[in-house]
Structure formats: structure tokens, C-alpha cells
Visitor: 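Provided herewith is a single structure, encoded as C-alpha cells, for subsequent inquiry.
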Amino acid sequence: MDTTAPPLEHLRAEIDRIDQEILDLLIERSAVVRRIGDVKGDRLDGRSALRPAREAQILRRLAERASGRFPAPVLVRMWRELIAAQTRLQGPLSVAVFAREEGALQVWDLARDHFGSATAMVPVDRAIQALRSLGDGSASVAVLPLPSDDESWWVSLMSDHDVRLRVFARLPFVSSHGDEVRALAIAQLEVEPSGDDLALLAVEADPGLSRGRLRDLLLAAGLNPGWASTWRPATPPQALHLVEVDSFIGDGDQRLAELQKSAQGEVLRVVPVGGYARPLSLG
């Protein structure tokens with residue numbers, strides 16, 4: 001009698017074996033994460049357990065290793081879910097989400113995809129409410145769409161208070177096309193370089209300084225600008241620009257001093273308000 005198992009059953013048994021090995025490795029990974037949490041002590045001293053630069057390094061390495069053999073958006077989505085779950089092992093994680101009526105669902109989905117389906121998330125009605133939730137402790141992260149020229153919520157990031165809010169991620173982390181909805185993630189944490197980064201600069205300028213002139217000044221200072229948003233309050237008359245630049249900006253970066261020096265009074269103040277890993281591009 002032929003007792004050879006059908007090929008399909010062989011393959012299914014192989015799937016079951018792989019699934020068990022994956023589960024065992026996930027359990028092992030969780031145990032290591034708990035040990036890391038004990039060493040860092042974030043839960044004890046109230047610090048955020050988020051390490052966005054380290055997370056980006058992990059995702060880049062895995063995407064490179066997959067090298068087209070596994071779709072990058074799916075890979076990142078799976079690991080983002082895993083990272084979020086294991087971040088919650090180290091400390092509390094909750095997200096306040098603000099979105100304009102147009103594109104609200106997309107911003108909510110961006111936040112959910114990045115911070116995990118089991119992470120506590122709450123919608124808020126105003127941008128400033130999302131930021132306030134970080135101060136009162138009702139949320140550890142705020143997610144807001146990239147500001148348009150008529151929005152000024154980001155000006156509060158220029159505060160010189162001891163505890164400052166920083167933009168630490170631009171969502172989505174895997175970008176497929178240029179017209180997709182994008183958002184910023186903000187928290188009370190210090191940004192760290194991941195090895196391939198972008199930064200956000202808030203620039204207080206003379207009201208006569210055009211965005212084109214500011215771009216030229218940034219390039220002359222060695223800062224390559226990307227997207228920008230400008231708010232022009234009437235009282236006092238001034239221009240406040242939020243600009244993404246192609247570089248990590250650390251404390252005392254000489255390029256910021258060079259920018260103000262070359263501007264000869266056109267640029268009054270430059271404040272780094274965030275930095276984040278460059279999103280992966282399918283292109």
C-alpha cells in the first residue's frame with residue numbers, strides 16, 4: 001500500500017512548521033524587548049519607549065534583505081504592527097489623531113498602520129487639541145496632516161520650554177506616489193539620527209522674504225529644502241515658514257548660523273522642530 005502523503009499535505013505540514021517557528025521567534029523577540037525595557041527604565045521614569053530612528057533602521061534592513069522577494073508595503077505593515085505591540089511592552093502608547101474633513105479617513109489609516117491596530121487611538125476636533133493631549137498626558141503621540149499655508153498649529157513647536165514637542169516621523173513610511181495623503185507624528189522626545197534623515201525647520205522671517213528667496217538662502221547654507229508651508233500673521237506682520245530639509249539637524253548645526261548670517265536680517269530666527277528617517281520610496 002502506498003502510504004506517501006499527498007504533495008498538498010506535505011506543503012501544508014511545511015507551512016505549519018514554519019508558522020510554529022515564527023511564533024517561537026516572536027515570543028523570543030518579545031522576551032528580549034522586555035529585557036531592553038528593564039534596562040532602559042522608560043516605564044519607571046515616564047519616558048516614551050518610542051525609538052523611531054532604531055525602528056527605521058530595522059525596517060530598512062529588512063526591506064533590503066527582502067530585495068523584492070516580499071512586497072515592501074506588506075513587510076513594513078507587518079513589522080510596524082510588531083514594533084507597536086512590543087513598544088507597548090516597554091511603556092504606554094496612545095495616539096491622538098487630528099484630520100481635516102477631507103482626507104480624514106486616510107490620516108486615521110496612516111496613524112493606525114504606523115502605530116498598530118491594538119494601540120489606543122482617539123480622534124480630536126482641532127489640531128491644537130491633539131498637541132495639548134501630549135502635554136496633559138492623555139496621549140503619547142499626536143498625528144496631524146501636513147499643514148497647509150493657512151494653518152499655524154506648528155508654530156507652537158517653536159516654544160523654548162524645557163519640555164518641547166518634536167516631529168519624529170512623516171507618514172507613511174513607505175511612499176508609493178507623490179499625491180498621497182501625508183501626516184506628521186509628534187511627541188515629547190529627542191530625535192536621533194537614523195543614518196538617512198530629513199529635518200523640519202521653523203523659520204521666522206521678514207514678511208517680504210519670498211519662499212523662493214528662502215529656498216535660495218537654504219541652498220547657499222548647504223540645506224536642500226523640500227516641501228514647505230508658510231503662515232503670514234497680520235499682527236505683527238511677519239512670515240513663518242515650516243520647511244523640510246534633506247539632512248539631520250543636530251544641536252548647534254553650523255549651517256543654521258550660516259543661514260542667518262547670509263540672510264542679512266531677512267531671517268530672524270531658525271528653530272529645528274523635528275527630524276525623522278527618510279521614508280522608503282517604492283520608486
Side-chain angles (χ1 to χ4, degrees), residues 46-48 50 52 93-101 103-104 107-108 110-111 114-115 121-171 181-192 197-207 209 211 214 218 223 225-245 248-251 253 256 259-260 267-276:
R47 290 180 304 173
S48 172
L50 292 166
L93 179 61
S94 56
V95 184
V97 182
F98 166 74
R100 311 178 196 96
E101 184 174 346
V107 174
W108 181 269
L110 288 177
H114 197 82
F115 295 104
M121 294 179 58
V122 59
V124 296
D125 295 330
R126 296 183 300 157
I128 195 64
Q129 186 179 348
L131 299 181
R132 285 174 179 165
S133 69
L134 302 178
D136 64 26
S138 58
S140 46
V141 174
V143 172
L144 306 94
L146 262 64
S148 59
D149 283 346
D150 59 350
E151 293 177 300
S152 61
W153 60 261
W154 55 268
V155 175
S156 63
L157 302 180
M158 300 175 72
S159 166
D160 57 2
H161 293 165
D162 291 339
V163 179
R164 289 183 55 192
L165 302 179
R166 295 289 195 280
V167 178
F168 68 88
R170 173 156 65 80
L171 312 181
V181 172
R182 294 181 293 173
L184 300 175
I186 302 167
Q188 291 184 13
L189 53 78
E190 292 298 324
V191 296
E192 300 173 332
D197 299 275
L198 303 168
L200 276 183
L201 300 178
V203 180
E204 182 180 356
D206 181 275
L209 180 70
R211 193 177 291 178
L214 176 58
L218 287 164
L223 297 164
W227 69 268
S229 176
T230 301
W231 182 56
R232 296 181 182 276
T235 308
Q238 60 183 156
L240 295 168
H241 304 271
L242 182 66
V243 187
E244 183 183 77
V245 296
F248 180 81
I249 302 293
D251 292 337
D253 193 300
L256 302 186
L259 171 61
Q260 286 194 262
V267 171
L268 309 177
R269 184 163 63 121
V270 185
V271 181
V273 295
Y276 37 83

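Treat the numbers as computed from the prediction; the structure is a model and nothing was measured.
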Visitor: Tell me, do Val273 and Arg164 make a side-chain contact under 4.5 Å, heavy atoms counted?
Guide: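 Yes. Closest side-chain heavy atoms under 4.5 Å.
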Visitor: Answer yes or no: is there a side-chain heavy-atom contact under 4.5 Å between Glu244 and Leu146?
Guide: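 No, too far: nothing below the 4.5 Å cut-off.
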Visitor: Out of Val203, Val270, Val267, Leu218, which one pairs with His241 under the side chain to side chain contact (heavy atoms under 4.5 Å, CB included) rule?
Guide: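 Going through the options one by one, the only one that passes is Val203.
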Visitor: With sequence neighbours left out, what residues match Asp206 under salt bridge (Lys or Arg N to Asp or Glu O under 4.0 Å)?
Guide: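 Here no residue qualifies.
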Visitor: Find out whether Thr230 and Asp149 are in side-chain contact, i.e. whether some heavy atom of one side chain is under 4.5 Å from a heavy atom of the other.
Guide: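 They are in side-chain contact.
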Visitor: Using every non-hydrogen atom in the two residues, find where Ser148 and Ser229 come nearest and quote the distance to one decimal.
Guide: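 Closest pair (atom of Ser148, atom of Ser229, distance): O-OG, 3.0 Å.
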Visitor: Can you tell me how far apart CD1 (Ile186) and CD (Gln188) are? Round to the nearest 0.5 Å.
Guide: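 Atom-to-atom, Ile186:CD1 and Gln188:CD are 11.5 Å apart.
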Visitor: Side chains of Leu242 and Trp227: closer than 4.5 Å at any heavy-atom pair?
Guide: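 Counting from C-beta outward, Leu242 and Trp227 do come under 4.5 Å.
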Visitor: Which pair of non-hydrogen atoms, one from Arg166 and one from Pro272, has the smallest distance, and what is that distance?
Guide: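 Closest pair (atom of Arg166, atom of Pro272, distance): NE-O, 4.4 Å.
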Visitor: Kindly indicate, with the supporting measurements, whether the criterion side chain to side chain contact (heavy atoms under 4.5 Å, CB included) is fulfilled by Arg126 and Trp153.
Guide: CA-CA 9 Å; Arg126 296 183 300 157; Trp153 60 261; over 6 Å; no
Visitor: Do you know which two heavy atoms are closest between Leu189 and Ser48, and how far apart they sit?
Guide: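 In this case the closest contact between Leu189 and Ser48 is CD2-OG, 4.0 Å.
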Visitor: What I'd like to find out is whether the side chain of Phe115 reaches to under 4.5 Å of the side chain of Val97, using heavy atoms alone.
Guide: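 When only atoms from C-beta onward are counted, Val97 and Phe115 do not touch, as no gap falls below 4.5 Å.
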Visitor: Return the CH2 to CG distance between Trp154 and Leu200, rounded to the nearest 0.5 Å.
Guide: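 So the gap between those two atoms works out to 10.0 Å.
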Visitor: Can you name the nearest heavy-atom pair linking Ser94 to Ser138, along with the distance?
Guide: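 It is OG-O, 3.7 Å.
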Visitor: Roughly how far apart are Leu240 CG and Glu204 CD, rounded to 0.5 Å?
Guide: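 Going from CG on Leu240 over to CD on Glu204, the span is 6.0 Å.
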Visitor: Are the side chains of Phe248 and Val191 in contact, using a 4.5 Å heavy-atom criterion?
Guide: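 Yes; the side chains approach each other to less than 4.5 Å.
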Visitor: Using every non-hydrogen atom in the two residues, find where Gln260 and Leu268 come nearest and quote the distance to one decimal.
Guide: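 For Gln260 and Leu268, the tightest heavy-atom pair comes out as NE2-O, 3.0 Å.
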Visitor: For Asp251, I'd like to know if atom CG has over 12 heavy atoms of other residues, nucleotides or ligands within 6.0 Å.
Guide: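 It does not: Asp251 CG has 12 such atoms or fewer within range.
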Visitor: In the structure I gave you, are the side-chain heavy atoms of Pro52 and Tyr276 within less than 4.5 Å of one another anywhere?
Guide: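 SC-SC contact between Pro52 and Tyr276 ruled out.
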Visitor: How many angstroms lie between CG in Leu165 and CZ in Arg132, if you round to the nearest 0.5 Å?
Guide: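 Output value for this atom pair is 12.5 Å.
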Visitor: Decide side chain to side chain contact (heavy atoms under 4.5 Å, CB included) for Leu223 and Leu201; before the verdict, give the C-alpha distance in whole Å, the side-chain angles of both, and the deciding distance to 0.1 Å.
Guide: CA-CA 10 Å; Leu223 297 164; Leu201 300 178; 4.1 Å; yes
Visitor: Check whether any side-chain heavy atom of Leu131 lies under 4.5 Å from a side-chain heavy atom of Leu144, and answer yes or no.
Guide: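 Leu131 reaches Leu144 side chain to side chain.
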Visitor: Are His114 and Leu110 close enough, and set up right, to give a side chain to side chain contact (heavy atoms under 4.5 Å, CB included), and what steps lead you there?
Guide: CA-CA 6 Å; His114 197 82; Leu110 288 177; over 6 Å; no
Visitor: In Å, rounded to the nearest 0.5 Å, how long is the span from CG of Leu256 to CZ of Arg269?
Guide: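 Going from the CG atom of Leu256 to the CZ atom of Arg269 covers 12.5 Å.
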Visitor: Looking only at heavy atoms, what is the nearest atom pair of Ser140 and Leu134, with distance?
Guide: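 Here Ser140 and Leu134 meet closest at C-CD2, 3.5 Å.
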